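Worth saying up front: this structure is predicted, and the values here are computed from it rather than measured.
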Amino acid sequence: MKFENAVDEIKNRCNIVDVIGRCVPLKKAGSNYKGVCPFHNEKTPSFVVSEEKQIFTCFGCGASGDVIEFVQRYENLDFHGAVQKLAEECGVDLTKSSFGTESRKEVYYEWNREAAAYFYKVFRKSVNPGIAYMQKRGLKPETLQKFGIGYADENWDSLYRYLKGKGADERILLSLGLISDSKGRYYDKFRNRVIFPIINTRGKVIGFGGRVLGDGTPKYLNSPESPVFLKKNNLYGLNLSRQDINKEDCAILVEGYMDVISLYQHGIRNVAASLGTALTENQAAMLKRYTNNVILSYDADEAGKAAALRGMDILHKAGCKVKVLHISDGKDPDEFIKKNGRDAFRGLLKEALPFADYKLALLKEKSDLRTTDGNVVFLQKAAEILRELSPVEADIYVRKLAAETHISEGAIRMEMRGAKSEANNVPSEKRRSETKKTQIGGRDLLERNLIRLMLLKGTYIPRTEPYASAFKDPVCYRIYEVIRSLYQSDEEIDLKKLEDSLDNECAVVLGEIVEHIQLSGNDEQMFEDCIEHIRIGMREKREAEIIKLLEIMDEEKEKTAIEDLTKELMQIQREKSRGGFGA
């Protein structure tokens with residue numbers, strides 16, 4: 001089944017009234033249904049669902065679309081995530097579509113789900129060290145249930161025997177890191193540990209973290225990377241917190257499982273944890289889907305400070321506004337909020353230091369400002385920090401720094417220019433080597449050409465972002481997402497780095513594009529042609545939407561909205577008649 005056919009089948013099987021009705025209370029209003037819009041605050045219902053046309057529209061905020069568009073908006077998913085979710089709900093088999101790779105992974109997801117269910121059952125069925133430990137940490141039953149907390153007993157093969165009894169293949173269990181083998185005998189990887197299932201934003205169990213009970217080592221044991229689990233591509237707790245992050249327009253990033261769970265229980269729900277303290281570019285790109293504002297709340301020890309600095313740089317390069325919060329007295333977020341409560345923690349969040357303030361504060365700690373040499377070194381390194389800021393931000397900090405150090409603003413600005421010039425003259429592999437340009441082996445020539453252009457010149461990447469919906473092929477879309485996450489404004493995409501960030505299917509497609517997709521002539525004209533083709537599709541889609549909306553609208557009650565839509569439709573049709581699109 002082609003991907004497009006699978007999408008059509010999903011739309012045929014999913015009644016939009018049923019899907020939306022599970023999320024929004026709807027009342028019959030003539031031939032349509034009405035409710036309060038879930039996408040903006042309103043008291044008078046202006047959200048209309050047409051069962052006949054299988055579309056929704058809000059006359060308050062302008063949101064409109066089909067069942068897939070609704071799931072995208074409501075669940076904060078991309079197009080492909082929404083298709084996957086609806087396919088599972090309505091029983092559409094995507095195995096033979098271009099979602100085939102995901103479908104082949106289902107067997108791995110299923111055994112992880114079985115393992116999570118087993119750990120949870122053991123945790124809940126009786127008094128055991130796992131539940132006693134979590135209760136001692138102050139966690140409530142409903143919180144433990146929300147996160148699916150489990151327990152692996154101290155026996156060597158409890159999980160193995162359980163899964164084997166259900167027909168599991170040892171090779172899959174080994175690949176998932178659920179069991180290990182020695183001299184032909186299999187035994188459980190997780191023993192005598194509290195288990196934290198790691199769940200992605202589509203609700204799939206992709207791995208586990210286990211906290212040892214007692215004096216065993218390591219303190220925390222995590223699943224190895226597998227066909228369904230790449231640490232760099234996931235954040236713990238994001239499956240539960242992404243809507244809160246979007247609502248608050250801010251994400252709080254912490255180090256550990258317990259920090260996430262404890263903050264969530266105390267009402268701080270816009271929280272997630274990196275799987276390991278080293279934040280990755282892919283994780284930053286994930287967060288940016290929900291907010292541009294991130295607060296790092298890592299431990300205040302040297303390791304935590306180093307991790308915060310690395311994380312700040314990655315988030316800053318991703319275009320996020322990042323701040324850092326280090327809790328005093330060496331406490332982590334879990335300890336602090338249990339002792340002081342939610343309001344006190346919210347107070348700390350307001351005191352989090354912005355990017356430049358935090359870096360300058362750390363630099364002051366490490367500089368001997370009592371000596372002339374110490375001041376010189378401090379100002380030289382401070383100039384390097386200020387170079388990373390926008391001109392407006394840099395101007396503010398130059399004035400602030402000049403007032404604090406009694407050095408003229410002109411001298412600091414000259415130092416900044418000198419540092420910038422020096423940095424630009426430093427030979428680097430990324431600047432000297434001409435990076436290979438890649439593209440996906442998509443089914444659509446437009447998608448292949450667009451990706452080829454983005455890799456030919458990095459400046460095409462931000463120009464393509466408003467048209468990301470054009471990537472209908474899942475493989476092309478995944479490659480585009482990785483390209484976007486790797487993008488830095490002053491560098492071209494590194495082919496090797498891109499290849500290392502892709503799964504096998506995408507890497508194969510990438511190789512096909514590099515080998516076979518050749519661009520000739522004026523690349524700017526080709527880019528414009530691609531974008532115009534996308535715009536044509538968008539306008540045609542909008543034309544069809546408006547026609548459907550006008551058919552279901554009440555001519556008396558929605559007169560103004562009808563007039564506005566009619567004007568928009570006439571404008572589109574005028575462009576069409578002039579050959580502006582669709583000719």
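Within the 3.5 Å criterion, the main-chain N or O of Ile172 finds no donor-acceptor partner in the side chain of Ser175. Ser223 places no side-chain N or O within 3.5 Å of a backbone atom of Gly207 that could act as its donor or acceptor partner. Checking side-chain atoms of Asn12 against main-chain N and O of Asp8 turns up a donor-acceptor pair under 3.5 Å. Of the possible donor and acceptor atoms, one in the side chain of Gln283 sits under 3.5 Å from a partner among the backbone N and O of Asn234. Lys472 places a side-chain N or O within 3.5 Å of a backbone atom of Ser469 that can act as its donor or acceptor partner. When atom types are taken as modelled, the side chain of Arg269 and the backbone of Asp244 share no donor-acceptor pair closer than 3.5 angstrom. Asn292 places no side-chain N or O within donor-acceptor distance of the main-chain N or O of Cys320, the cut-off being under 3.5 Å. Looking only at distances, no side-chain donor or acceptor of Glu499 sits under 3.5 Å from a matching main-chain atom of Ala507. Glu75 contributes no side-chain N or O that, together with a main-chain N or O of Ala82, makes up a donor-acceptor pair within less than 3.5 Å. With hydrogens and angles disregarded, a donor-acceptor distance shorter than 3.5 Å links the side chain of Arg13 to the backbone of Cys90.
When all heavy atoms of Ala251 and Thr291 are compared, the pair lying nearest together is N-CG2, 3.8 Å. Here the closest heavy-atom approach between residue Asp249 and residue Asn293 is recorded as O-ND2, 3.0 Å. Considering every non-hydrogen atom in both Val24 and Pro38, the closest pair reads CG2-CG, 3.8 Å.
Comment: Asp313 engages Lys359 in a salt bridge, judged by a side-chain N to carboxylate O separation of less than 4.0 angstrom. Salt-bridge annotation for Glu384 and Arg387: absent, with no side-chain N of the basic residue lying under 4.0 Å from a carboxylate O of the acidic one. A salt bridge between Lys204 and Glu88 is present, with a side-chain N of the basic residue lying under 4.0 Å from a carboxylate O of the acidic one. Checked for salt-bridge contact, Glu89 and Arg22 meet the test: a charged N lies under 4.0 Å from a carboxylate O. Electrostatic pairing of Arg539 and Glu543 does not count as a salt bridge here, judged by no charged N lying under 4.0 Å from a carboxylate O. A salt bridge is defined here as a Lys NZ or Arg NE, NH1 or NH2 lying under 4.0 Å from an Asp or Glu carboxylate O, and Arg542 with Glu568 meets this definition. Salt bridge status for Arg463 with Glu528: present, with a side-chain N to carboxylate O gap under 4.0 Å. A salt bridge is absent between Glu281 and Lys232; no separation between the charged side-chain nitrogens and carboxylate oxygens falls under 4.0 Å.
Annotation: Lys28, atom NZ; neighbour count of heavy atoms from other residues, nucleotides and ligands within 6.0 Å is above 12. The local environment of CD in Glu52 is sparse, with at most 12 non-hydrogen atoms from other residues, nucleotides or ligands closer than 6.0 Å. Counting heavy atoms of neighbouring residues, nucleotides and ligands inside a 6.0 Å radius, atom NE2 of His533 does not exceed 12 of them.
Side-chain polar atoms of Glu465 and Tyr460 form no donor-acceptor pair below 3.5 angstrom. Between the side chains of Asn282 and Asn233, at least one donor-acceptor pair of N or O atoms lies under 3.5 Å. With hydrogens and angles left out, the side-chain atoms of Glu393 and Ser390 include a donor and acceptor closer than 3.5 Å. In summary, the side chains of Ser241 and Asn270 do not present any donor paired with an acceptor at a separation below 3.5 Å, with no hydrogens or angles considered. Side chain to side chain, Ser46 and Glu42 meet the donor-acceptor criterion of an N or O pair below 3.5 Å.
Side-chain contact check for Leu253 versus Ser297: every heavy-atom pair is 4.5 Å or farther apart. No side-chain heavy atom of Ile385 sits less than 4.5 Å from a side-chain heavy atom of Tyr397. Residues Phe47 and Ile20 meet the side-chain proximity criterion, which asks for heavy atoms closer than 4.5 Å. The shortest side-chain heavy-atom distance between Tyr358 and Leu309 falls under the 4.5 Å cut-off. No side-chain heavy atom of Glu545 sits less than 4.5 Å from a side-chain heavy atom of Glu69. Taking the side chain as every heavy atom from C-beta outward, Gln54 and Asn15 approach each other to under 4.5 Å. In this structure the side chain of Leu498 reaches within 4.5 angstrom of the side chain of Leu486, judged on heavy atoms. Contact of the Lys11 side chain with the Asp66 side chain is registered, since non-hydrogen atoms from C-beta on lie closer than 4.5 Å.
Ring centroid separation for the pair Phe70 and Phe39 comes in under the 6.0 Å cut-off. Between Phe56 and Tyr33, the ring center distance fails the sub-6.0 Å criterion.
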Checking Thr201 against Asn239 for the side-chain hydrogen bond (donor to acceptor under 3.5 Å, both in side chains) test, could you report, in this order, the C-alpha distance in whole Å, the side-chain angles of both residues, the deciding distance, and whether it holds?
CA-CA 4 Å; Thr201 53; Asn239 60 306; over 6 Å; no
Is there a side chain to side chain contact (heavy atoms under 4.5 Å, CB included) between Met526 and Leu453 once you walk through the steps?
CA-CA 8 Å; Met526 180 171 285; Leu453 284 163; 4.0 Å; yes
Which is it for Arg113 and Glu110 under the salt bridge (charged side-chain N to carboxylate O under 4.0 Å, His left out) test, yes or no, and what are the steps along the way?
CA-CA 5 Å; Arg113 188 194 66 78; Glu110 180 60 23; 2.7 Å; yes
Go through it in stages, so that I can follow the logic: the residues are Val49 and Asn32, the test is side chain to side chain contact (heavy atoms under 4.5 Å, CB included), and I'd like the CA-CA distance, side-chain angles, deciding distance and then a yes or no.
CA-CA 6 Å; Val49 182; Asn32 302 316; over 6 Å; no
Please evaluate residues Ile206 and Ile199 with respect to the criterion side chain to side chain contact (heavy atoms under 4.5 Å, CB included), reporting the C-alpha separation (whole Å), side-chain torsions for both, the decisive distance (0.1 Å), and the verdict.
CA-CA 6 Å; Ile206 57 176; Ile199 302 172; over 6 Å; no
Decide side chain to side chain contact (heavy atoms under 4.5 Å, CB included) for Thr464 and Tyr480; before the verdict, give the C-alpha distance in whole Å, the side-chain angles of both, and the deciding distance to 0.1 Å.
CA-CA 10 Å; Thr464 302; Tyr480 164 69; 4.3 Å; yes
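We find the OG-CD1 distance between Ser64 and Ile55 to be 7.5 Å, quoted to the nearest 0.5 Å.
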